[in-house]
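Atoms within each ligand, like the ligands themselves, are counted from 1 in listed order.
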Amino acid sequence: MCGIVGYIGRRDVAPLLLEGLQRLEYRGYDSAGIVVNSPKSGALKMVKAKGRVRDLEARVPKRFAGTTGIAHTRWATHGAPSDINSHPHLDPENKVAVVHNGIVDNAAELRAKLEAEGVVFASETDTEVITHLIARSQAESLEEKVREALKVIEGTYGIAVMHADFADRIVVARNGSPVILGIGEKEMLVASDVAALIAHTRQVVTLNDGEMATLKADDFRTYTTSGTTTNATPETVEWEAASYDMGGHDTYMHKEISEQPDAVDRVLRGRIDDRFNTVHLGGLNLDPREARAIRRVKILGCGTSYHAGLIGASLIEGMARIPADAEPASEFRYRNPVVDPDTLYIAVSQSGETYDVLAAVQELKRKGARVLGVVNVVGSAIAREADGGVYVHAGPEVCVVSTKCFTNTVVAFALLAVHLGRIRDLSVTDGKRIIEGLRKLPAQIQEILEQEEDIKKLAAQYADAKSMMFIGRVRGYPVALEASLKLKEISYIHAEAYPASELKHGPLALIEPSLPTVAIVPDDDLLEKNRAALEEIKARSGRILAVAHREQEKADHTIVVPKNEDELDPILMGIPLQLLAYHTALALGRDIDKPRNLAKSVTVE
Ligand code: M6R
């Protein structure tokens with residue numbers, strides 16, 4: 001969703017900000033804008049454009065010099081995508097410029113009040129309220145003006161503010177929307193995502209909610225919204241700038257699918273303890289006594305992370321013998337759930353920013369629950385709010401659709417399940433068995449990736465389908481759910497996922513030659529049941545593509561994947577279906593990395 005990038009230093013700022021915006025494109029947006037200040041007069045110059053960053057770039061005049069600037073990619077909430085509604089928003093005297101991520105909940109009320117005082121609004125956005133409040137403040141410093149404005153604002157924000165009368169600084173603030181400072185040599189940056197900073201510096205400060213900062217070219221200062229100094233110290237970002245590049249692949253999605261053997265290797269690294277056939281998870285903050293006292297596990301996430309959570313629940317229930325289930329965080333927070341002190345809540349999020357998940361975590365914590373995070377982005381909001389957790393170490397995932405993060409999240413759940421299991425009921429032998437299985441994963445994933453050409457041919461055969469059915473049983477069902485989500489997100493082919501056991505309770509009515517079914521058919525105790533479902537489909541002349549551990553007679557095609565332990569099979573069975581979705585979308589000419597209507601991090605409700 002929306003992205004912020006800002007710079008103060010000695011370099012020509014416009015190209016640098018435009019490059020930063022390009023790095024944020026993956027998050028999803030509909031318009032973009034930039035403000036720089038004139039080196040001589042300090043006057044603010046602004047360009048905005050509906051559409052892509054390249055449309056904005058085309059509008060930036062040749063003479064657009066400046067050494068301080070802020071820029072933004074907007075994902076419309078209040079007011080349609082348009083040039084006017086794009087950020088930055090300037091006051092009528094062109095003195096104050098604001099870029100904002102988040103939502104001002106009381107914007108309508110504040111707008112009415114300001115209009116009654118004679119303020120004329122240029123846009124329909126909630127953000128413009130912030131600009132006018134700052135511009136109208138009588139406070140002496142820019143910091144104080146911003147603070148005054150924030151006092152009356154309800155909602156979430158990450159903001160960056162420039163003022164023509166305070167040309168030596170950018171003031172930023174955070175409440176619920178990420179703000180990250182990039183600390184350079186005689187230059188400072190700010191962004192809502194490390195991706196926009198990493199080409200310039202790896203020294204970063206992530207602001208906390210309720211924190212502000214003043215950036216000057218050779219100095220930065222952090223403090224709370226009530227003015228107390230916080231003295232934040234920079235941390236080094238682990239990822240190289242190259243992690244955000246396409247690395248020779250045609251799309252980020254393809255790159256990220258291909259990276260999975262290394263990514264899985266990373267999530268396992270340093271965590272396995274062969275002496276006790278268990279797993280160490282440093283950040284869990286859960287001692288064995290506490291682990292033994294857990295009566296239930298409730299996993300919360302959205303979209304793909306929810307699907308990973310479903311597999312996680314079955315791994316935890318199976319290995320640790322603790323009743324566990326997963327629920328979409330977006331639903332959980334609205335149904336006034338019973339919050340039980342003996343339940344361990346686990347919030348799953350690749351980005352660590354998804355609003356519905358974050359809000360669920362905050363509600364749970366308010367009610368005294370213990371919440372762990374299973375998160376990819378280090379230092380993200382959900383990781384910080386949680387009492388402890390497991391980082392999934394997938395590395396930056398740029399494509400809007402999640403692939404390697406899904407896989408690594410499931411592996412992280414397997415590690416957590418072994419950890420909890422070995423404190424409770426998982427035997428040494430079973431602990432060893434699962435650990436050996438986990439170690440096999442990177443090579444087995446590589447084996448699957450080597451079938452890409454065959455999967456591409458299959459995709460060409462199924463790409464004409466108007467709709468597809470995905471079925472799986474027990475552990476296979478979340479795999480079916482995730483595969484169907486992947487296909488619809490990037491190919492726009494309608495897809496449904498059902499438990500195979502539910503077929504005859506309704507969806508069988510849909511089966512006909514033009515509706516292909518993708519069936520998850522592992523070699524486990526349910527193999528015969530799954531085969532029976534294939535028979536039912538075949539009897540209705542349905543086309544079947546099976547993902548299985550051996551050729552399936554009833555299927556028209558079978559993708560054969562290597563066998564691991566039954567518990568870990570779902571991890572491998574999902575991989576060929578990522579490739580199937582990818583090649584189907586490619587055959588249909590879709591914009592794979594930026595599917596329509598979707599954003600990488602859904603930071604609004
Ligand atoms: O960053 P998160 O894991 O919290 O994101 C949750 C979902 O928005 C996300 O998984 C979404 O479903 C992806 N587009 C999946 O490909």
Enquirer: Just to confirm my output: which protein heavy-atom neighbour is closest to atom 5 (O) of ligand 1, and how far is it?
Expert: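 Closest protein heavy atom to atom 5 (O) of ligand 1: Thr354 OG1, 3.4 Å.
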
Enquirer: When you check the gap from the basic side-chain N to the acidic O, do Arg269 and Asp265 get nearer than 4.0 Å?
Expert: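 Salt bridge present between Arg269 and Asp265.
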
Enquirer: Pull out every atom of ligand 1 sitting under 4.0 Å from any heavy atom of Gly303, numbered as shown with elements.
Expert: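 Heavy-atom distances to Gly303 below 4.0 Å select 12 (O).
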
Enquirer: Using a strict 4.0 Å threshold on nitrogen-to-oxygen distance, state whether Asp569 and Arg475 make a salt bridge.
Expert: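 Answer for the salt bridge query: no.
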
Enquirer: May I ask you to list the atoms of ligand 1 that are less than 4.0 angstrom from any heavy atom of Val401?
Expert: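 Taking each heavy atom of Val401 in turn, ligand 1 has 16 (O) under 4.0 Å.
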
Enquirer: Are more than 12 heavy atoms from other residues, nucleotides or ligands located less than 6.0 Å from atom CG of Asp55?
Expert: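 Enclosed.
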
Enquirer: Just jot down the ligand 1 atoms closer than 4.0 angstrom to any heavy atom of Ser305, in number order.
Expert: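 Reading through ligand 1 atom by atom, the close ones are 2 (P), 3 (O), 10 (O).
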
Enquirer: Tell me, which protein residue and heavy-atom name are nearest atom 14 (N) of ligand 1, and how many Å apart are they?
Expert: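 Of the protein heavy atoms, Glu489 OE2, 2.5 Å lies nearest.
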
Enquirer: Tell me which one of Ser380, Gly352, Cys302 gets a heavy atom nearest to atom 7 (C) of ligand 1.
Expert: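 Minimum heavy-atom distance to atom 7 (C) of ligand 1 goes to Cys302.
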
Enquirer: Strictly below 4.0 Å, N to O, side chains only: are Arg335 and Glu331 in salt-bridge contact?
Expert: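 Answer for the salt bridge query: no.
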
Enquirer: May I ask you to list the atoms of ligand 1 that are less than 4.0 angstrom from any heavy atom of Ser351?
Expert: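 Result: 1 (O), 2 (P), 4 (O).
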
Enquirer: Does Lys594, at its NZ atom, have more than 12 non-hydrogen atoms belonging to other residues, nucleotides or ligands within less than 6.0 Å?
Expert: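 Correct, the count exceeds 12.
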
Enquirer: Looking at Lys486, which atoms of ligand 1 are within less than 4.0 Å of one of its heavy atoms?
Expert: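 Once the distances to Lys486 are compared, the set is 15 (C), 16 (O).
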
Enquirer: Mind checking what makes salt bridge (Lys or Arg N to Asp or Glu O under 4.0 Å) contact with Glu259, not counting sequence neighbours?
Expert: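 With neighbours one apart ignored, the set is Lys255, Lys404.
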
Enquirer: For atom 8 (O) of ligand 1, find the nearest protein heavy atom and state the residue, atom name and distance (0.1 Å precision).
Expert: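 Going by distance alone, atom 8 (O) of ligand 1 is nearest to Val602 CG2, 4.0 Å.
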
Enquirer: Under 4.0 Å between a Lys/Arg side-chain N and an Asp/Glu carboxylate O for Glu453 and Lys457?
Expert: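 Salt bridge absent between Glu453 and Lys457.
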
Enquirer: Which residue and non-hydrogen atom of the protein lie closest to atom 10 (O) of ligand 1, and at what distance in Å?
Expert: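 Residue, atom and distance for the closest contact: Thr304 N, 3.2 Å.
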
Enquirer: Knowing that exactly one of Glu489, Gln578, Glu397 qualifies, which makes a side-chain hydrogen bond (donor to acceptor under 3.5 Å, both in side chains) with Ser402?
Expert: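 Per the side-chain hydrogen bond (donor to acceptor under 3.5 Å, both in side chains) rule, the option paired with Ser402 is Glu397, out of Glu489, Gln578, Glu397.
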
Enquirer: What pairs of residues pass the salt bridge (Lys or Arg N to Asp or Glu O under 4.0 Å) test when at least one of them lies in residues 408-419, not counting sequence neighbours?
Expert: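 Counting only pairs at least two positions apart or across chains, no salt bridge (Lys or Arg N to Asp or Glu O under 4.0 Å) contact touches residues 408-419.
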
Enquirer: What do you reckon, does Val400 put a non-hydrogen atom under 4.0 Å from ligand 1?
Expert: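 Yes.
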
Enquirer: List ligand 1 atoms under 4.0 Å from Ser402, heavy atoms only on the residue side.
Expert: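 Listed by number with element: 15 (C), 16 (O).
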
Enquirer: Using a 4.0 Å heavy-atom cut-off, which part of Glu353 comes near ligand 1: side chain, backbone, both, or neither?
Expert: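 It is neither; nothing of Glu353 touches ligand 1.
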
